[in-house]
Amino acid sequence: MGNGRAISAMLVANAAFIINDSLVKVVAGDLPLGQIILLRAIMTGVIMVVICHFTGVFRNWRGLVHPLVLLRTFAEVGSTVLYLTALMQMPIGNITSILQALPLVVTAAAAIFLKAPVGWRRWTAILVGFCGVVLIVRPGLEGFNAWSLLALAAVMFMALRDLATRQMPATVPTFGVALSTTVGVAILGGVMTLAEDWQPVDMGSMSLLAGATGFITVGYIFIILAMRSGDISVVAPFRYSSVLWALGLGYFIWREVPDLMTVAGTIIVVLTGIYTFLRERRLSRIPAKG
């Protein structure tokens, strides 16, 4: 039952995040990024404070200053600014395809920093997966630009976020973690607005931001539930559902159609990621070295 709930949570989180990204990308035509981040975070924070109040999170507020919660918040803030900056300049399908390297990065980071056992087969899959990322990014070709590097840097911060989430003790409340994330992102947005000209917000932009707030709140909560309640080797491959959402929304909203190299790279990344986690699942049942 735990894995079933975690898979469902991962699917919901992916859909919520991509819809949020799409709404933010639309609003970015009228408002600067820092203002968008701050306004969305304020509205999200109000929702999270209400949820935390009624679920008793504040009675255990000391758990929210756990070092891993602070580390996760730092990683979320870093990934937010890098990812959204890149999103403003790239097709949503392309940047989402780059993000599919996240499970591979998590596996590699767990092996390097947490001394998790990773054999040669999974290291090979990781290397092949990064070759797929290179096809998407295409360094040295016309399709390459610095925004792709920001997207890759965002992946690194996301990997740190996910590793911190997996290591957090069960006593740390999920809604409290989401609130901590929201506060960190709000501070980021506030700092960014200091270098921007504040723009008036019309009803159309505010409605889109309200929608983004709802979806990002759902995404925050359900991604934490997915990472904490299920076997990561079972749940992680379902991250790839976000590619379908991104490609579909990219086409219907902006008429973005990925080229063949992007599609080929995405397929490679997805297949190697699925293999990596299927391999981990098998090794969790049968002792082996690779």
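From a predicted model like this one, the values you see are computed outputs, not experimental measurements.
- The line from OG of Ser242 to CG of Leu249 is 11.0 Å long, rounded to the nearest 0.5 Å.
- Going from atom CG of Leu87 over to atom OG1 of Thr80 covers 11.5 Å, rounded to the nearest 0.5 Å.
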Could you walk me through whether Trp254 and Val26 pass the side chain to side chain contact (heavy atoms under 4.5 Å, CB included) test, one step at a time? CA-CA 9 Å; Trp254 296 282; Val26 171; 3.7 Å; yes

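- Going from atom OH of Tyr220 over to atom CG of Asn20 covers 8.0 Å, rounded to the nearest 0.5 Å.
- The side-chain contact (heavy atoms from CB on, under 4.5 Å) test with Val243 is passed by exactly one of Asn14, Ile18, Thr266, Leu99: Thr266.
- Counting heavy-atom neighbours within 6.0 Å of Asp197 CG, excluding the residue itself, gives a total of 12 or less.
- Across all their heavy atoms, Met192 and Gly34 have their closest contact at CB-CA, 3.7 Å.
- Smallest separation of non-hydrogen atoms from Ser97 and Gly93: OG-O, 2.8 Å.
- Rounded to the nearest 0.5 angstrom, Phe17 CZ and Ser22 OG are separated by 13.5 Å.
- Judged by distance alone, the side chains of Ser205 and Asp202 do bring a donor and an acceptor atom under 3.5 Å apart.
- Cluster annotation: Met261 is connected to Val128 through the hydrophobic network of ILVMFWY side chains, with a link wherever side-chain heavy atoms come within less than 4.5 Å.
- Considering all non-hydrogen atoms of both residues, Ala226 and Ala6 come closest at CB-O, 3.6 Å.
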Val106/Met158 under side chain to side chain contact (heavy atoms under 4.5 Å, CB included): CA gap, chis, key distance, verdict: CA-CA 9 Å; Val106 170; Met158 291 176 186; over 6 Å; no

Using the side chain to side chain contact (heavy atoms under 4.5 Å, CB included) rule, take Leu11 and Trp245 through it: C-alpha gap first, then chi angles, then the decisive distance, then the call. CA-CA 10 Å; Leu11 292 173; Trp245 281 100; over 6 Å; no

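- Within 6.0 Å of CD1 on Ile112 lie more than 12 heavy atoms contributed by other residues, nucleotides or ligands.
- No chain of hydrophobic side-chain contacts below 4.5 Å, direct or via other Ile, Leu, Val, Met, Phe, Trp or Tyr residues, connects Trp123 to Leu271.
- Annotation: cation-pi geometry satisfied between Arg255 and Tyr251 (NZ/CZ under 6.0 angstrom from ring centroid, within 45° of ring axis).
- Judged by distance alone, the side chains of Thr181 and Arg72 do bring a donor and an acceptor atom under 3.5 Å apart.
- Between the CG atom in Leu225 and the OG1 atom in Thr174 there is a gap of 5.0 Å [rounded to 0.5 Å].
- In this structure, Leu247 and Pro258 approach most closely via the heavy-atom pair CD2-CG, 3.7 Å.
- Here the shortest heavy-atom pairing between Thr213 and Ile216 reads O-CG2, 3.2 Å.
- Nearest heavy atom pair, residue Ala151 against residue Ile95, reads CB-CG1, 3.8 Å.
- Side-chain contact between Met10 and Phe222 is absent, with no heavy atoms from C-beta onward closer than 4.5 Å.
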Run the numbers on Phe157 and Tyr83 for side chain to side chain contact (heavy atoms under 4.5 Å, CB included), then give the verdict. CA-CA 10 Å; Phe157 276 92; Tyr83 174 73; over 6 Å; no

Sequence neighbours excluded and cut-off under 3.5 Å, please list the side-chain donor-acceptor pairs for residues 45-58, or say none.
from, atom 1, to, atom 2, distance (Å)
Thr55, OG1, Ile51, O, 2.7
Thr55, OG1, Cys52, O, 3.4

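- Counting only N and O atoms by type, the side chains of Thr262 and Asp259 include a donor and acceptor under 3.5 Å apart.
- Heavy atoms from other residues, nucleotides or ligands lying under 6.0 Å from CZ of Phe215 number 12 at most.
- No continuous path of ILVMFWY side-chain contacts below 4.5 Å connects Val263 to Val257, so the two sit in separate hydrophobic clusters.
- Note that CG of Leu71 is 12.0 Å distant from CZ of Arg161, once rounded to the nearest 0.5 Å.
- Put simply, Leu70 and Val183 are part of two different groups of oily side chains (I, L, V, M, F, W, Y) that touch within less than 4.5 Å, one to the next.
- Looking at Val201 and Gln35, their side chains come closer than 4.5 Å, going by heavy atoms from C-beta outward.
- Taking Met156 as the reference, Val105 meet the side chain to side chain contact (heavy atoms under 4.5 Å, CB included) condition, with sequence neighbours excluded.
- The cluster map of Ile, Leu, Val, Met, Phe, Trp and Tyr, joined by side-chain heavy atoms under 4.5 Å apart, puts Leu244 and Ile223 in different clusters.
- When side chains are defined from C-beta on, Leu31 counts as touching Leu209, because their heavy atoms get closer than 4.5 Å.
- Although no hydrogens or angles enter the test, the distance criterion places no donor-acceptor pair under 3.5 Å between the side chain of Lys25 and the main chain of Gln89.
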